[in-house]
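Here is the structure we will look at, set down as structure tokens.
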Amino acid sequence: MNTRQTERFDVAGDACGTAWAYSAIVKDHFFSPRNVLRDGEDFPADGTGVVGSPACGDMMLVAIKVDKKTERITDIRWRTFGCASAIASTSMMSVMATESGGMTLNRAERLKPEEIIERLGGLPDRKFHCSVLGHEALREAVCSYRKTHGGAHAI
Amino acid sequence: MEALTPFKVLTKFPEAERVTTLLFIPNASALPSFTPGQFVNVYLPEVSAEGKSYTIASTPDDPHLAISVKATGKFSRALSALNKWDSALLSEPHGFFYPTDETTPRIFIAGGIGIMPFMSILRSASRARPGRNPGFEHMGLRIMFLYSNRSEAEAPFLAELDQLAAAYNAFSVRYFFTRASKTARKAALRRITHTDLKETAADVPGCHWFVSGSIPFVRDMRIALRALDIGEDRIFTESFF
């Protein structure tokens with residue numbers, strides 16, 4: 001990979017596919033991720049999901065607080081051992097889950113990686129699995145909440 | 001690292017060009033319970049430290065766990081090449097790509113090997129027992145399936161889908177072959193278009209849409225469905241990567 005390529009692109013082209021330049025939105029969420037669970041932060045969650053990616057070894061934890069009356073996600077924290085795409089994807093997911101009063105659990109169960117990637121302005125296909133991590137961890141967190149607090153699955 | 005269970009290959013057979021089905025049984029434990037549409041992560045330590053996700057093709061009532069593999073890369077070729085009694089490590093079942101409602105009509109859209117989640121779901125529906133697991137005969141709802149492949153030779157499970165469509169009024173299938181000039185069965189020799197989706201939406205109003213296939217295929221189908229004002233709450237996706 002030559003110097004000119006590194007200056008223009010964020011993801012190397014070489015043998016992995018075409019080179020890619022991250023959108024300004026991806027870079028914003030990578031350099032300033034929202035809703036990260038910081039060291040020592042106390043976040044009593046109503047539901048927690050932990051998933052790992054067999055494709056790359058990344059790990060993802062998502063914790064949610066839920067308004068039990070409205071079943072809306074009121075707050076969220078996450079932490080990952082992962083790449084820039086995983087960080088940006090989950091940061092964006094956390095924004096989508098809590099904006100506009102918060103997603104209902106039913107809506108959160110229908111949130112798709114494709115929606116997250118669309119909000120990010122796109123990711124290379126070989127980074128798709130990074131958006132899946134956050135999405136799966138959110139689904140697991142919702143499952144965790146439903147197991148302890150009851151409630152039907154989304155239709 | 002997730003918990004893994006050793007399995008052995010019981011048997012294998014070809015499904016279509018470059019597609020092999022392997023039946024696995026656990027070495028020393030019970031088969032895992034799962035919901036049709038879920039997947040397992042398969043590990044071959046001698047090939048790679050990374051695992052790959054494969055949808056479970058069998059049903060929860062089967063005495064084995066089946067996966068169908070399309071040989072497209074190093075890992076999938078090695079998995080396809082396993083022989084009887086060869087070993088692999090499998091995770092617990094994962095995933096949320098399955099209907100959670102037994103009354104809403106469904107449209108299934110599959111591109112190529114993206115058919116896999118639907119095979120477990122359809123097989124379960126065709127073997128259902130009343131009062132336990134409602135299937136075609138008892139659900140009273142429609143399932144329409146749009147199945148796109150390059151050619152008949154590359155498309156797995158065509159005969160099985162034809163049989164299901166002949167056996168159950170509730171199930172119908174439309175075939176699309178994108179690189180064929182003629183086919184043995186009735187099919188559209190092109191890609192699935194916006195018009196196909198619009199006609200299907202009109203034919204089966206209020207349904208849930210399940211889309212499975214490659215990342216670009218699922219992305220294009222979702223964009224087309226959203227352009228038809230189909231809400232995100234009615235769209236389920238599973239992208240293969």
Side-chain angles (χ1 to χ4, degrees), chain A residues 15-18 49-60 81 85 89 93 96-97 103-144 146 151-155, chain B residues 1-4 35 38-44 48-54 73 75 89-92 94-104 106 206-226 230-241:
Chain A
C16 303
T18 54
V50 179
V51 298
S53 169
C56 60
D58 287 359
M59 296 296 295
M60 179 69 68
F81 179 78
S85 294
S89 296
M93 180 277 288
M96 295 170 76
M103 273 187 179
T104 62
L105 296 182
N106 284 354
R107 179 62 182 97
E109 286 173 329
R110 288 287 81 80
L111 180 63
K112 293 170 273 295
E114 290 83 4
E115 295 178 72
I116 300 169
I117 292 171
E118 195 173 67
R119 279 284 289 266
L120 285 171
L123 281 176
D125 284 351
R126 63 188 179 280
K127 287 295 187 179
F128 181 89
H129 65 279
C130 304
S131 291
V132 171
L133 259 190
H135 152 259
E136 293 273 326
L138 175 63
R139 289 298 302 266
E140 292 288 351
V142 172
C143 275
S144 156
R146 290 202 190 281
H153 275 290
I155 56 171
Chain B
M1 181 74 167
E2 57 183 327
L4 300 174
T35 302
Q38 289 191 301
F39 62 89
V40 286
N41 296 323
V42 180
Y43 292 80
L44 299 173
S48 171
E50 296 174 1
K52 298 282 184 185
S53 301
Y54 288 93
F75 188 95
L89 297 171
L90 273 57
S91 74
E92 290 178 353
H94 296 293
F96 301 94
F97 187 71
Y98 49 79
T100 53
D101 162 29
E102 296 299 336
T103 59
T104 304
R106 303 155 190 179
C207 65
H208 286 163
W209 299 77
F210 293 80
V211 187
S212 175
S214 68
I215 294 168
F217 178 84
V218 173
R219 181 169 54 226
D220 288 348
M221 288 296 110
R222 176 183 161 264
I223 288 171
L225 291 174
R226 294 294 291 128
I230 309 283
E232 294 285 6
D233 59 330
R234 290 168 53 201
I235 303 172
F236 300 62
T237 60
E238 185 90 322
S239 290
F240 281 33
F241 53 85

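Since we're looking at a predicted model, the values are computed, not measured. Sequence lines set the chain letters: A, B, ... in the order given, protein chains first and strands last, and positions in each chain run from 1.
Contact annotation for B/V42: neither backbone nor side-chain heavy atoms come within less than 4.5 Å of a heavy atom of chain A. Within the 4.5 angstrom heavy-atom criterion, only side-chain atoms of A/E118, from C-beta onward, approach chain B. Neither the backbone nor the side chain of A/V51 has a heavy atom closer than 4.5 Å to any heavy atom of chain B.
Put simply, the side chain of A/E109 does not reach to within 4.5 Å of the side chain of B/F96, judged on heavy atoms. Side-chain contact between B/I235 and A/E114 is absent, with no heavy-atom pair separated by less than 4.5 Å.
Counting heavy-atom pairs closer than 4.5 Å to chain A, the top residue among B/R226, B/K52, B/E50 is B/E50.
A cation-pi geometry, defined here as NZ or CZ lying under 6.0 Å from the six-membered ring centre and within 45° of its normal, does not hold between A/R126 and B/F241.
Of the options B/F217, B/F97, B/F236, a side-chain contact (heavy atoms from CB on, under 4.5 Å) to B/V211 is made by B/F217 and by none of the others.
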